[in-house]
K.L.:
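Sharing a structure, written as structure tokens. Questions coming.
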Amino acid sequence: MPKTKLNQPQNIALSAVIPCYNEVDGIDELYRRVTAACQQQVGQSYEIVLVIDGATDGTRQAIFNLAATDPHLVAVDLARNYGHQIALSAGLDICRGQRILILDADLQDPPELVGQMMARMDEGYDVVYGQRLKREGESWFKLASAAMFYRLLRKMVDVDIAPDTGDFRLMSRRTLNHLNSMPERYRFIRGMVSWIGLRQVALPYERCRRFAGTTHYPFKKMLLLAMDAMTSFSIAPLRFASHLGMIFGILGLFALGYTFCSWIAGNVLPGWTSLAAIVLILGSVQLLVLGIFGEYLGRMYMETKRRPLYLVNEIVSYDAVSARQDLPIHRLQERVKEVVHARG
Ligand code: UDP
Ligand code: MG
């Protein structure tokens, strides 16, 4: 079997990029199914990039063990847990394929669909994204909140983000180069890919149950992702804030007129309840508006720091970089950059 060297430009037809958090029970099955699916499509011209996102179970070791024996595997161990979207970005930076398949580690998105995706791409599409028809084994709350979120997002943003899609998709190299050149820190990758445009098409599929383990997207993380999506693609909430300000300004004017009339009529003491209500409502509206401003301001602040998106602890592959040496983390980062540049 030919050895793949990470630091040499390669002609790899297909990269599968998979962020993995605590997925130890599913790794072997994932590896088996993704390998089979890739081999069926492109023979030996593929790589599987597994990004270990600060896992705390045995995921890291399980992946390293596989990477030590199979030259098609590249294991990227991040310095800590950065979250799904950043881990995915790390894998997308490092992968070298001409076509790139994004997949979850839990086998909810069947890797076997890559065949149909490749066929659509052969027709000239740049992005083939999976669109969920049915989702098995997910709570009604997750289904309802996801449905609501996608519909709200579509109303708010200028970009056409397809409903019921995740990150499961096949992308062309030129699409990925555009994506990799987008530096923002708050990443909602499916939205960023939609923003790029080019020719995109949906592939309907049924989302399966997790193969093992439980979701790493509890309500709080889902909410954060939704906030990232809204704030990175739309300034509608800021507009909403000023509209709210205007509405309450007009209401305030009426209230002022009423107060004035009461004063003339000499009828000023009663009305404590209404006054208290007005103060409370106005107070909370002001806080809401300030909160919206704060969300944007905070994000701007974080962006201006221009820290690297992620740091790599080590990269393990059959023969290559194996940056296991005692390099400080910033050197590793440079190493990854060299690798990415060498890839051309
Ligand atoms: N994931 C990750 N970092 C995290 C959380 C999740 O890399 O902090 C990975 C996880 O291993 C999986 C993918 O992101 O491959 C999607 O996560 P999950 O299946 O928990 O989300 P769900 O499908 O429930 O939305
Ligand atoms: Mg999942």
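Just follow the structure's listing: the first ligand is 1, and inside any ligand the first atom is 1. Quantities reported herein were computed from a predicted structural model and do not represent experimental measurements. No hydrogens, no waters, no symmetry mates; every other heavy atom, side chains included, goes into these values.
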K.L.:
What do you reckon, does Pro19 have a nitrogen or oxygen under 3.5 Å from a nitrogen or oxygen of ligand 1?
P.N.:
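Yes: some nitrogen or oxygen of Pro19 is under 3.5 Å from one in ligand 1.
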K.L.:
Side chain or backbone of Asp104 under 4.0 Å from ligand 1, or both, or neither, by non-hydrogen atoms?
P.N.:
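It is both parts that get close, each with some atom under 4.0 Å.
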K.L.:
Ligand 1 and Asn81, any nitrogen or oxygen pair closer than 3.5 angstrom?
P.N.:
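Among all N and O atoms of Asn81, at least one is under 3.5 Å from an N or O of ligand 1.
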K.L.:
Nearest heavy atom to atom 19 (O) of ligand 1: which of Leu78, Asp106, Val51 does it belong to?
P.N.:
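Among Leu78, Asp106, Val51, the closest heavy atom to atom 19 (O) of ligand 1 comes from Asp106.
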K.L.:
Would you say the side chain of Val316 lies within less than 4.5 Å of the side chain of Leu73, judging by non-hydrogen atoms?
P.N.:
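Leu73 vs Val316: side chains apart.
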K.L.:
Can you tell me, to 10 degrees, how wide the angle at the Mg ion (ligand 2) is between OD2 on Asp106 and OE1 on Gln108?
P.N.:
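Taking the Mg ion (ligand 2) as the apex, I get 100° for this pair.
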K.L.:
Could you check, using the six-membered ring where one of them is a Trp, whether His84 and Tyr21 have ring centers closer than 6.0 angstrom?
P.N.:
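Judged by ring-centre distance (under 6.0 Å), His84 and Tyr21 do not meet the cut-off.
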K.L.:
Would one find more than 12 heavy atoms of other residues, nucleotides or ligands at under 6.0 Å from atom CD of Gln40?
P.N.:
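No, CD of Gln40 has 12 or fewer neighbouring heavy atoms, counting only those of other groups under 6.0 Å.
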K.L.:
Would you mind reporting whether Phe240 and Leu288 have side-chain heavy atoms less than 4.5 Å apart?
P.N.:
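Side-chain contact under 4.5 Å: yes.
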K.L.:
Check each atom of ligand 1 against the heavy atoms of Ala105 and keep those under 4.0 Å away; list them by number with element.
P.N.:
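Matching atoms, with element in brackets: 12 (C), 15 (O).
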K.L.:
Should the pair Asp164-Arg207 be classified as a salt bridge under the 4.0 Å nitrogen-to-oxygen rule?
P.N.:
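So Asp164 does not pair with Arg207 through a salt bridge.
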K.L.:
For residues Leu88 and Val17, determine if any side-chain heavy atom of one lies less than 4.5 Å from a side-chain heavy atom of the other.
P.N.:
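In short, these two side chains touch, coming nearer than 4.5 Å.
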K.L.:
Of the listed options (His84, Arg207, Lys221, Glu23), which comes nearest to atom 12 (C) of ligand 1 when hydrogens are ignored and any heavy atom counts?
P.N.:
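Looking at heavy atoms only, the winner is Glu23.
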